[in-house]
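To find a chain, count down the sequence lines: A is the first, B the second, and so on, and within it residues start at 1. For clarity, every value in this text was computed on a predicted model and none was experimentally measured.
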Number of protein chains: 2
Amino acid sequence: MPFKTGRAFLIMARTKDFDEEEVLRKAICIFWNKGYNGTSMQDLVDGLGISRSSMYDTFTDKHTLYVKSLERYQKAADEQVCNLIKSAPGAKAAIKRLLELTVNDLIGDDQQKGCFMVNAEIELASHDDCVKDVICRSVQQMEEAFYMAIVKGQQSGEIQTRQDARALARFISNTIKGLQVSAKSIKERAFFDDIIKTTLSVLD
Amino acid sequence: MPFKTGRAFLIMARTKDFDEEEVLRKAICIFWNKGYNGTSMQDLVDGLGISRSSMYDTFTDKHTLYVKSLERYQKAADEQVCNLIKSAPGAKAAIKRLLELTVNDLIGDDQQKGCFMVNAEIELASHDDCVKDVICRSVQQMEEAFYMAIVKGQQSGEIQTRQDARALARFISNTIKGLQVSAKSIKERAFFDDIIKTTLSVLD
DNA sequence: GACGTTTTGGAATACTCATTCCGAAATAAA
DNA sequence: TTTATTTCGGAATGAGTATTCCAAAACGTC
């Protein structure tokens, strides 16, 4: 009972030694690298820098921590994409920059983690409804962001109108997913550049 | 010692109760559905229809069985693609049919297993050199099959020559990988049709 | 500084995992 | 049928798993 009755004054106790957000960032990296089934609670204890009890106390259990990590990653990724699209001079430039940045990040990662969202989709989407929901939200948001950018691009004449904007948005999303898979085993930039170049040609 | 010395006559013993190939087919399905880390030896004992000791006796251990399953799957998939390309009337028709067949298989699978090769690439390629080798061989063979078909298509004037054949082959491979990821959480045909349609438009 | 509460580290628990082992059953040739 | 050998089923092993528990340390308020 943290409150005293009568004169209601709070009795505080020991404060948390760690920053929950920072721990979550570390958890993301671990799950991202080794997957859900590939990560043990011991791995997390070793990597998060907090004790087992603090972990369970703060994040309930492994599954809850995983989903929370995934949601956090999804939110950050979505914001990044939206900001990039907003700040770019036009729709085509936005998509070009996004593809290039994605490949840069993928290639630059020595651990070859790929994309946390894609990794989760492959490992768990068909067996874990909770994870599936996060994935579907992410797919939806991504598609919608591309869709709106492409519609604008088509209105301004920057992007061809032979294909409808929805199809183009899905096509771009699909290309990105493919890149994120290949980055798991391939590191040669030329390989990715070929795909980016060909993909962008569809918009002309 | 199965051989007697002197007059070299073989002494035979009990024969295996199961067909190794058939067991391997079952193993493929189980690993394909649940992944390497998600599959326990108990799952395999239950699913393969042979005893634990027969499993270890025939396939050494879990990892060996997994790699053998993956190799078998890879070989069958490669043959299927090559046959399809050979039998199709032209390069463009071959690629179109391949994309459509792939999506049909993906959507038709109630378990939403996706592609065993892609699943393995995501789960293990960056941590398991043995698996990585199988993946890379598969990627290479697939790209090469597309490359040769596309070169022919370009020579016959069926496929545009603005992009080089290597880039187009990689682009098609990448599209397929994307589809195989999305099939893990999406089942609406329209979604996949949009991507196929847009992808094929690149060849015109 | 003392009290009441929370956090913390690490031991303890209960379970599942991959792998090994062993005795009994099966089989082909002698 | 006997013999030599292998397969087979299931129990046994030992390491690794997620989770719980507890006593001691930490801290804000009194």
**Request:** Give me the residues of residues 57-71 of chain B where at least one heavy atom lies under 4.0 Å from an atom of DNA chain D, by number, or none.
**Result:** B:Asp57
**Nearest atoms (heavy-atom pairs only) where B:Leu106 meets B:Ala183** = CB-CB, 3.7 Å
**Prompt:** What pairs of residues pass the salt bridge (Lys or Arg N to Asp or Glu O under 4.0 Å) test when at least one of them lies in residues 21-37 of chain A, not counting sequence neighbours?
**Reply:** A:Glu21-A:Arg72, A:Glu22-A:Lys26, A:Lys34-A:Asp43
**Complete:** Contact check, residues 47-54 of chain B vs DNA chain D, heavy-atom distance under 4.0 Å, returns B:Ser51, B:Arg52, B:Ser53, B:Ser54
**Message:** What I want to check is whether the side chains of B:Asp46 and B:Gln42 have a donor and an acceptor closer together than 3.5 Å.
**Reply:** yes
**Message:** Give me the atom names and distance for the closest heavy-atom approach of B:Ala27 to B:Ser69.
**Reply:** CB-OG, 3.6 Å
**Prompt:** Going by heavy atoms closer than 4.0 Å, what residues in residues 31-45 of chain B are next to DNA chain D?
**Reply:** none
**Fill in**
Overall bend of the helix from C:dG1-D:dC30 to C:dA30-D:dT1 (five pairs an end, 10° steps) is 10°
**Asked** Does the pair A:Glu71/A:Lys75 count as a salt bridge with the N-to-O cut at 4.0 Å?
**Response** no
**Asked** Within this structure, what is the OH-to-P distance between A:Tyr56 and C:dA12, rounded to whole angstrom?
**Response** 18 Å
**For B:Phe146, ring pair (Phe, Tyr, Trp, His ring centres under 6.0 Å) partners two or more places apart** = none
**Prompt:** What about the rings of A:Phe116 and A:Tyr66, do their centers lie closer together than 6.0 Å?
**Reply:** yes
**Asked** Should the pair B:Arg166-B:Glu143 be classified as a salt bridge under the 4.0 Å nitrogen-to-oxygen rule?
**Response** yes
